Every structure is written in structure tokens, then in C-alpha cells.
Amino acid sequence: MGRDYDVIVVGGGNAALCAALSARETCQRVLVLERAPEDEAGGNSRFTAGAMRVVYNGVEDLKRLMPDLTAEEIARTDFGTYTEDQFFDDLTRVTQFRCDPDLTEVLVKRSLDALLWMRSKGVRFAPIYGRQAFKVDGRFKFWGGLTVEAWGGGPGLVEALTGAARKNGIDVWYQARATGLIHDDSGVSGVRVKRAGRSVEVGAGAVVLAGGGFQANPEWRARYLGPNWDIAKVRGTRFNTGDVIKMALDIGAAAAGNWSGCHAVGWERNAPEFGDLAVGDAFQKHSYPFGIMLNAEGRRFVDEGADFRNYTYAKYGRVILAQPGQFAWQIFDKKVLHLLRDEYRIRQVTKVSAATLEELVGKLDDVNAAAALDEIKRYNAAVMRAVPFNPNVKDGRGTTGLAVNKSHWANTLDEPPFEAYAVTCGITFTFGGLRINTDAQVISTDGEPIPGLYAAGELVGGIFYFNYPGGSGLTNGAVFGRVAGASAARAAGSAT
Ligand SMILES: Cc1cc2nc3c(=O)[nH]c(=O)nc-3n(C[C@H](O)[C@H](O)[C@H](O)COP(=O)(O)OP(=O)(O)OC[C@H]3O[C@@H](n4cnc5c(N)ncnc54)[C@H](O)[C@@H]3O)c2cc1C
């Protein structure tokens, strides 16, 4: 069909906007199709805190990303390093060595360059004090490989990228749902779109798909993730229902990656079915390494301190979903309340407090109180009290002799006030998706690139399996969005 645009990008989140900005560097006419209305636009990216995992070899690299860092901040902070090897090791370890090595290499090696490029487009970054570094003996120390966040979190990130798109003359259509790809033997030449209720066909030299995973589709969740996933809460956008993945599969794209796997966390038990932009990511409850979690039977069921939360939170939603009634209570005492993240202090929280443990267990809805009290006493007795507690390092202060031991940050629960928070499983995004190569070309079931078709972000499979190092999703979208946009622009240029 005729060409209305050089490159069309399907999606309105971080990966899509990065792809559009990248394509625009060499193409004149770039169109972004965003299914959501403008006030809900930006996909999951807008729900995030904007945390981005990026390689840096020391504070000099961080200063390139964040020139606003003051000498005083640098003096009172141990930023450490996050080298290519560390990022690569984290990805391979948490995915149990299944992550695609070629795609992983691109993600790791181009992470710093991608963030510097975003900065050149107007995105600003800041260090994640508080969430990723605690003050111990007057000094902050960053841990868990996660140091940088976009200014203004997810909303700030989407605003900055959308502003850059506008400034660069990129067209953005809201309430424009891609429904299919226009395709023949020579490849993809456009997109079928339902725009404000009317179906139109738009021609393009190349198309980039960045329409997110299928986590907002309960039927696909049950089908691919398994029983009970249909009743999980969705943490982010209601618009990522897998239709962009499907339109590629329909023309012969290959599926890749961990289709039965997803990123899912402990999430406010009474949260709404989908994310709420007014609350953002604050329904999550990520300070569990400093307390314990009990299920309906009053039992602990997971090592809350197995690792820094960045390396456990994305797989513990699944563990909570597997508990009776699909919920758990997180329990803390006075000693650690000051360490709890901001999200514990929002209004929309299911929380109980008590002056004694006996009173507390009586207030835990749907929990066997007597069993819970026994469990807390057994846990208290098992804590290795001689080992000092330090939230900035894996302190080895664990428990011994329990059926489920805690490896680090084990404090006794014996100082009132006691607080407990109810959580269920919140799904973030699905891991299965489309197969791409290192140029972000979508690969067919025959193993060849589909001419004119590229993909980036959450709907790509093959990078994350079972688990995920926190802050990798946005970096993944930025790196591959940038690659996909450039590749699509090249293809569109050579097709004129
Ligand atoms: C609460 C929460 C907190 C998070 N925190 C972080 C964090 O701090 N750091 C991090 O790295 N990751 C975080 N993530 C994960 C991160 O959001 C994703 O990995 C990332 O945003 C995916 O980017 P994307 O552009 O691929 O998808 P999205 O940002 O979800 O964008 C997909 C877009 O496609 C659009 N779309 C869907 N279907 C169609 C269609 N048919 N036609 C047109 N458009 C369509 C959607 O409306 C949406 O705009 C978080 C996720 C959530 C939910």
C-alpha cells in the first residue's frame, strides 16, 4: 500500500517513544499509535518509579548522566560500580542462565549509552537515595545494582519523552488502537488502526511494535501463566492485552521466551483490578526483607531475606499467589519501621497495628491466630542475634533451624508497636513475547527476519525468565527501542 509515514510505532510507553525519537533522527515522517486516551497514555512506563539499571564504572559515569550531583552528595555516598560484568551476571543468575546471550549483551553494553542519549533528548536523571541506599554511620551506600531514576519517576519520564516527540515533529495519535498489520510476501507495509471508533489503514516504510505484554488480559493470563493468574491484580495499564503480540503472530512471527513466566510482586490486597495512576507503584510493599510474611495458616512460606529485594521481589508475587486465599501479611516491629518505604504510608493501605503480638495476630484478617503466634515465637527464637544488622549489605544475620530459614536482615519481632500489611499478587508484565534479533527485527517461524517489522520492550520474549533484576524493564525498552527505531528508519530509507 502507499506510504503515509516512513515509520509507524505501535505503543505509547518508553520503548515506543524511544523508538520514535530514534527513527526521527534519520526519517521525516514518524507516527506513534497509542491505544489509550491521552490522560491514560504512557503504558506501564508511566506507572513506574522510573528506576533504570545502567552500567557505570564509577562516579564519573554517573556525573555524565547526572551533572547536578553535588560535591557534597558525592562525598557522603558510596556509589560503588555497576560494571558490564555485574549486570551480565545479575541477568544470567536470576534468569537461571536462560536469557538470550546476544540480546543480553546488547542490553548490558548499550545501557549507559542509551541513557546518555535519552538525556540528550531531554530526560533528566537522579540518584535513588532512600529506596536504594540507606544511611549507615553518616554515609549512604548504594546496593542491588540500581542507582539511577528518571526525574519525576514514570510520569516525568513519559512527559519528557512525549515532549521530545512533539518538539521533533513526531505525530502521536491517541485512542488509536492498532488492530492488524498490512502484510504481503515482501513484508509489512502498514498498520490497520481503529481510531476513535473508525477503522483506517495507514501505510509505512517500516513498523515498530512496542505495545506491551499481555498481563492485562485475564483470559491469556489463565491460558499461559496457569490457574489463579486470572484473579491476580494488574499493577499497571489496562491497555496491554497482548493484541500487538497477536497481530505479529498472525502474520507468522515466532514466539520466544518464558510464556508461562511473568514479573509479579506483593501488592496491596485490596488494590483495584488495574493500576491507578493517582497511586502509581505505591500499592507495592517492598520492605519485606526487614520483616516476615505469614500466610492464612499462620506460616512463613519464603525466605524474605534471600537477597536484596531487587533480586527477589519480581518472583515473590507468584509465591504469594500460591498461598491459600492468595494473600499474605507482612509483619514488622518498631526496630525497622523507619526503614519502611514510602509506599507503606499511603492512605489506600490494609494495615493493622498493635501493642502486643497476641493483639496483632488477632487482627490479621483470615489468618489462624494461634498458629501465627507460635510461628512468630519460633522465628524469634531462631534469629542469630550475635550477628549485627546492616540493611546496606547482605549481613548474614539469618535464622537457624527453621523449616524456612531467613538468610539476611532477620530481626526479632519483640518491640512494640507491631505493624502488619496485607498483600496479594500484583502482576507487572509478562515475559513471553516475540522473537527478535540484535537489530530488533522480528523473526518469523521460519527463522528469517520479517521485512519491515521491528519490536522492542515488554512484548519481546527471550530476555527475562522466572525472575528479573529490578530496573531492567525501562532500560530494556530504551536500548531496544533505540535500536528498533534506527533499524526501522534504515529499512524505510532503503525502501523509498
Ligand atoms: C507499577 C509498576 C512499576 C514499575 N516500576 C519499574 C521501574 O521502576 N523500573 C523499571 O525498569 N521497570 C518498572 N516497571 C516495568 C516497566 O513498566 C516496563 O518494563 C516498561 O515500562 C515496559 O515499557 P514498554 O514501552 O514496552 O511498555 P508500556 O510502557 O506498557 O507501553 C505499551 C504501550 O502500548 C500501548 N498499546 C497496547 N496495545 C496497543 C494497540 N493495540 N495499539 C496501540 N497501542 C497499544 C499501551 O497503551 C501502552 O502505551 C514497572 C511496572 C509497573 C506496572
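Everything quoted here is computed from the prediction, not taken from an experiment. Every number for a ligand or one of its atoms is a count from 1 in the order of the listing.
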Can you list, pair by pair, the side-chain donor-acceptor contacts under 3.5 Å of residues 456-478, counting residues two or more places apart and other chains?
from, atom 1, to, atom 2, distance (Å)
E458, OE1, G213, N, 3.0
E458, OE1, Q215, NE2, 2.9
E458, OE1, N240, ND2, 3.0
E458, OE2, N44, ND2, 3.0
N467, ND2, Y311, O, 2.9
Y468, OH, S472, N, 3.2
Y468, OH, G473, N, 2.6
S472, OG, P469, O, 2.5
T475, OG1, R53, N, 3.2
T475, OG1, R53, O, 2.8
T475, OG1, G471, O, 3.3

Contacts of type ring-ring contact (aromatic ring centres under 6.0 Å, His included), residue F125, not counting sequence neighbours: none

Minimal non-hydrogen separation, D230 against R221, with atom names: O-NH2, 2.9 Å

Cation-pi, Y344 ring and K285 (6.0 angstrom, 45 degrees): yes

Results of ring-ring contact (aromatic ring centres under 6.0 Å, His included) for F274 - residues two or more places apart only: none

Report every pair formed by an N or O atom of ligand 1 and a protein N or O atom separated by less than 3.5 Å, giving atom names and the distance to 0.1 Å.
from, atom 1, to, atom 2, distance (Å)
ligand 1, 8 (O), A51, N, 3.2
ligand 1, 9 (N), A51, O, 2.7
ligand 1, 11 (O), A51, O, 3.2
ligand 1, 11 (O), G471, O, 3.4
ligand 1, 11 (O), G473, N, 3.2
ligand 1, 11 (O), L474, N, 2.8
ligand 1, 17 (O), N44, O, 3.4
ligand 1, 21 (O), S45, N, 3.2
ligand 1, 21 (O), S45, OG, 2.9
ligand 1, 23 (O), S45, OG, 3.4
ligand 1, 25 (O), N14, N, 3.4
ligand 1, 25 (O), A15, N, 3.0
ligand 1, 26 (O), E458, N, 2.8
ligand 1, 29 (O), N44, N, 3.2
ligand 1, 29 (O), S45, N, 3.0
ligand 1, 29 (O), S45, OG, 2.6
ligand 1, 30 (O), N44, N, 2.8
ligand 1, 30 (O), N240, ND2, 2.7
ligand 1, 41 (N), A178, O, 3.1
ligand 1, 41 (N), D243, OD2, 3.3
ligand 1, 42 (N), A178, N, 2.9
ligand 1, 44 (N), L33, O, 3.4
ligand 1, 44 (N), R35, N, 3.2
ligand 1, 47 (O), E34, OE1, 2.6
ligand 1, 49 (O), G12, N, 3.2
ligand 1, 49 (O), E34, OE1, 3.1
ligand 1, 49 (O), E34, OE2, 2.7
ligand 1, 49 (O), G43, N, 3.3

From CA spacing to verdict: side chain to side chain donor-acceptor pair (under 3.5 Å), T241, D243: CA-CA 6 Å; T241 51; D243 43 339; 3.1 Å; yes

